[in-house]
Amino acid sequence: MSQSDKTPNKQQDNVQHRKTMNKKQLKVWFLVPLIVFLGLMVMLYMRLGKPTDIVANMALERPVPAFELPLLSDTSRIMTNDNLPDKPFLMNIWGSWCPTCIIEHPFLMELEERGVNLVGINYKDDIGDALSYLNRGGDPFSMSIQDLSGQFALDLGLTGAPETFIVDGDGIIRQHIIGEVNEANWQERIMPCLMVLNEANKNGNSPDPSQVGEACK
Amino acid sequence: MKAAQITTAIVLRLISLVLICLLSMTAYAAIDVYDFDSVQQEAQYRGLIEELRCPKCQNQNLAGSDAPIAQDLKQKTYDMVKDGRSDAEIRSYMQERYGDFITYKPPVRPSTWVLWFFPPLLLLFLIAGWFWQSKRRQLVAQGVTNKIVDSPAAALTPAEKAELDRLLSRSNSLDHDVTSTEDKK
């Protein structure tokens with residue numbers, strides 16, 4: 001009798017112990033999901049409206065990759081890095097097969113009228129198609145280089161056409177625009193960057209890195 | 001008679017199933033037009049296009065993508081594999097142009113330590129925590145009293161104390177299982 005008396009008592013005690021401990025723990029453990037949730041909310045809210053595409057380009061802040069490619073208008077002439085302009089310019093990768101390039105083309109014509117120096121890279125295109133494309137829509141490029149194999153584009157870290165690179169007077173790539181160039185991104189990021197580069201080029205020194213970082217980001 | 005009919009039906013079905021499998025395999029083979037010198041080269045190529053990411057499509061590997069740039073990169077990978085280059089060489093070629101983004105298996109270096117080591121560390125930490133917790137519970141359950149943070153009896157309100165006495169007296173008199181559902185209420 002005395003044995004059975006003792007055992008339930010002890011059990012009762014243990015249950016009680018466990019309950020008090022659980023109560024305290026519960027308070028803390030209830031907070032954990034709440035804190036995690038709040039953290040997540042803040043994180044997600046901060047990202048709202050920001051671009052979601054990851055652009056990982058290694059060509060930036062590096063010289064234009066070495067190339068040896070024929071001129072589109074006269075494929076017997078081989079162009080190299082030395083033939084690139086020694087003033088800041090835009091390097092536009094295009095193809096007659098690329099729908100966005102066709103949309104972008106009139107704006108490139110307008111940029112040429114505004115006195116922007118454009119160099120075209122004709123990317124994996126049939127030469128006949130490419131030339132008739134330029135005849136039809138006009139040729140905004142001071143020269144077009146033929147990249148039939150797409151190797152040069154690969155060296156540039158191209159993801160598709162059209163893409164545009166801003167190159168400074170020293171042949172260093174300063175900005176990479178994926179997709180079309182239009183009035184909006186011209187005003188927003190291309191023109192400011194180009195102005196800084198032009199300014200530096202006029203003074204005959206390399207552009208100030210902090211200024212470039214500010215304007216060409 | 002009937003049994004024979006059923007068997008022929010089953011055989012026909014099996015044959016058509018095998019045919020379907022064979023046909024789909026030829027369809028799969030028709031997509032890949034690359035020829036390799038050896039099985040190893042083909043395996044290397046397949047491994048690489050599974051591992052490398054298409055730079056245009058944000059979240060697709062080269063094997064799964066039909067984007068023009070993915071086709072170019074597959075061609076490049078093929079050329080380099082044919083050329084006898086190693087995985088590391090091909091990977092570094094791609095990384096030089098497209099950065100860490102190009103591969104689904106980023107290299108281990110200080111900037112990627114968090115990526116590589118945080119999940120296993122978290123797992124270890126959680127397992128250790130869980131062990132510690134269950135060990136403590138066990139000790140408490142065994143009645144090793146010094147593991148208890150505070151005295152539970154002191155924190156009881158008079159009402160709780162009365163309830164406790166009632167339950168205790170009941171369990172003593174009835175001598176029944178204290179963990180029965182009725183008492184848990």
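Numbered from 1 within each chain, the chains take letters A, B, ... in sequence-line order.
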Trainee: With a sphere of 6.0 Å drawn around CE of A:Met41, does it hold more than 12 non-hydrogen atoms of other residues, nucleotides or ligands?
Mentor: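 Check passes, neighbour count above 12.
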Trainee: Can you sort out the partners of A:Phe89 under ring pair (Phe, Tyr, Trp, His ring centres under 6.0 Å), two or more places apart, ordered by chain and number?
Mentor: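 With neighbours one apart ignored, the set is empty.
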Trainee: Quick one: pull up CG in A:Leu158 and OH in B:Tyr98 and give me the separation to the nearest 0.5 Å.
Mentor: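 The CG atom of A:Leu158 sits 6.0 Å away from the OH atom of B:Tyr98.
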Trainee: Listed by chain and number, what are the side-chain hydrogen bond (donor to acceptor under 3.5 Å, both in side chains) partners of B:Lys135, not counting sequence neighbours?
Mentor: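 Partners of B:Lys135 under the side-chain hydrogen bond (donor to acceptor under 3.5 Å, both in side chains) test: none.
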Trainee: Quick check: under 4.5 Å, non-hydrogen atoms only, which of residues 60-80 of chain B neighbour chain A?
Mentor: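 Result: B:Ile69, B:Asp72, B:Leu73, B:Lys76.
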Trainee: Taking atom CD as the centre, does A:Glu183 end up with more than 12 heavy-atom neighbours from other residues, nucleotides or ligands that are less than 6.0 angstrom away?
Mentor: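 Correct, the count exceeds 12.
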Trainee: List for me each residue that meets side-chain contact (heavy atoms from CB on, under 4.5 Å) alongside A:Val36, sequence neighbours excluded, and say none if there are none.
Mentor: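 Partners of A:Val36 under the side-chain contact (heavy atoms from CB on, under 4.5 Å) test: A:Val32.
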Trainee: Counting only heavy atoms not in B:Lys82 (residues, nucleotides, ligands), do more than 12 fall under 6.0 Å from its NZ?
Mentor: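 More than 12 within 6.0 Å, yes.
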Trainee: For residues B:Lys56 and A:Thr159, report the shortest heavy-atom separation together with the two atoms involved.
Mentor: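 Looking at all heavy atoms of both residues, the closest pair is CD-O, 3.0 Å.
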